[in-house]
Amino acid sequence: MSSLLNGAKLKRNFYTRDVLTVAKELLGKILVHNVRGQILAGKIVEVEAYDGKIDKAAHSYVGRTKRNEIMFNEGGYLYVYLSYGVHYCCNVVTGVKDHGTAVLIRAVEPVEGIERMIKNRYGKKQVTEKEMFNLTSGPGKVCMAMEINIKHSGLDLLGDKIFILNRRKVKEEMIGVSKRIGISKSAHLPWRFFIKHNPYLSR
DNA sequence: ATCAAGATTACCT
DNA sequence: GGTAATCTTGATA
């Protein structure tokens with residue numbers, strides 16, 4: 001018998017590599033949140049890379065602050081921040097300690113705990129097809145559906161609360177590349193990666 | 001102290 | 001297409 005959630009958890013050496021490599025390879029992997037035994041899970045379909053060394057759009061570009069200090073951990077930790085004072089966005093810290101790089105999870109395709117995600121997002125049980133594809137198609141939506149908030153910032157992804165399951169690499173020809181969305185500084189960098197034609201993309 | 005911008009989203013016309 | 005909601009940060013005073 002096979003499960004949608006079989007496979008091994010990604011290990012430290014996956015995360016401690018270069019942020020662009022990790023960003024691309026996170027596509028197709030399964031983000032899992034264990035909420036007291038109830039599993040919320042989604043396949044990562046859209047990400048963006050941020051590198052505080054050279055990227056003015058990265059929170060870490062200005063150096064350490066109370067908000068961004070988690071970004072300076074070694075790879076494999078969760079960095080969550082409040083966007084526009086309204087929505088949470090979750091990132092996977094990458095690279096070596098003190099580098100200040102992370103990958104923003106912009107969209108996932110729901111895999112498990114879908115009814116609970118629908119309740120988290122819409123407060124009801126029945127949804128239209130349009131609402132279904134709007135469930136996790138943006139960074140704030142992912143966090144709302146998967147119950148990820150500021151209290152989870154700093155969590156070790158090698159732990160049992162929030163983690164990522166390995167999957168085979170998405171084929172290069174299936175990966176789309178573009179400029180990042182919603183930023184004005186360092187806007188030209190082609191650091192958004194996504195699985196082409198996936199219906200859960202943010203746009 | 002005050003202010004403007006920001007890795008977003010939902011709702012309005 | 002436009003904009004309100006609402007918190008953190010950094011710049012200016």
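Everything numeric in this text was worked out from a predicted model, so none of it was measured. Per chain, numbering begins at 1; letters A, B, ... match sequence-line order.
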Colleague: From the options A:Arg12, A:Lys161, A:Lys11, select the one residue that forms a salt bridge (Lys or Arg N to Asp or Glu O under 4.0 Å) with A:Asp156.
Modeller: A:Arg12

Colleague: Do any pairs count as a ring pair (Phe, Tyr, Trp, His ring centres under 6.0 Å) and have a residue in residues 107-149 of chain A, sequence neighbours left out, and if so which ones?
Modeller: A:Phe133-A:Tyr200

Colleague: Which is true for A:Leu104 with a 4.0 Å heavy-atom rule: it touches a base, it touches only sugar-phosphate, or it touches nothing?
Modeller: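 It contacts base atoms.
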
Colleague: Treating Ile, Leu, Val, Met, Phe, Trp and Tyr as nodes and any side-chain heavy-atom pair under 4.5 angstrom as an edge, say whether A:Leu157 and A:Val80 lie in one connected cluster.
Modeller: yes

Colleague: Taking A:Glu48 first and then A:Arg106, would you say they form a salt bridge - that is, a charged N and a carboxylate O separated by under 4.0 Å?
Modeller: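 A:Arg106 and A:Glu48: salt-bridged.
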
Colleague: Rounded to the nearest angstrom, tell me the gap between atom CD1 in A:Ile181 and atom C1' in B:dT9.
Modeller: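 Spelled out: CD1 on A:Ile181 to C1' on B:dT9 is 13 Å.
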
Colleague: For B:dA7, does OP1 or OP2 lie under 4.0 Å from any side-chain N or O of A:His59?
Modeller: yes

Colleague: Is A:Arg121 touching bases, backbone alone, or none of the nucleic acid, heavy atoms closer than 4.0 Å?
Modeller: sugar-phosphate

Colleague: What is the distance, rounded to the nearest whole Å, between atom OH of A:Tyr61 and atom P of C:dG10?
Modeller: 13 Å

Colleague: Nearest whole angstrom, please: distance from the C1' of C:dG10 to the CZ of A:Arg64.
Modeller: 19 Å

Colleague: Taking CZ from A:Phe133 and P from B:dA10, how many angstroms apart are they, rounded to a whole number?
Modeller: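 After rounding, the reported distance stands at 16 Å.
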
Colleague: Does A:Arg192 make a cation-pi contact with A:Phe194, if we ask for NZ or CZ under 6.0 Å from the ring centre and within 45° of the axis?
Modeller: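 Relative to the ring axis of A:Phe194, which defines the angle, A:Arg192 lies inside both limits.
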
Colleague: Rounding to an integer number of Å, can you tell me how far A:Leu201 CG sits from B:dT9 P?
Modeller: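 Between P of B:dT9 and CG of A:Leu201: 13 Å.
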
Colleague: For B:dA7, what is the paired nucleotide under Watson-Crick or G-U wobble rules, both distances under 3.5 Å?
Modeller: none

Colleague: Tell me the interatomic distance from A:Met144, atom CE, to C:dA5, atom C1', rounded to whole angstroms.
Modeller: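 Going from A:Met144 (CE) to C:dA5 (C1'), I get 12 Å.
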
Colleague: Tell me whether A:Tyr81 and B:dA7 count as stacked here, given that the ring centres must be under 5.5 Å apart and the planes must differ by less than 30 degrees.
Modeller: no

Colleague: Measure OH/A:Tyr84 against P/C:dA5 and give the value in whole Å, please.
Modeller: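 Result: 16 Å.
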
Colleague: Measuring only the C1' atom in each nucleotide, how far is B:dA5 from C:dT3? A whole number of Å is fine.
Modeller: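 To the nearest whole Å, 16 Å.
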
Colleague: Between A:Asn91 and A:Tyr122, who's closer to the 5' end of DNA chain B by nearest nucleotide?
Modeller: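 So the residue in question is A:Asn91.
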
Colleague: If pairing requires Watson-Crick or G-U wobble contacts with both distances under 3.5 Å, which nucleotide is the partner of C:dT6?
Modeller: none

Colleague: Nearest-Å distance, NE2 (A:His87) to C1' (C:dC7)?
Modeller: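 It works out to 13 Å between those atoms.
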
Colleague: Does A:Ser184 reach a base, just sugar-phosphate, or nothing at all? Heavy atoms under 4.0 Å.
Modeller: sugar-phosphate

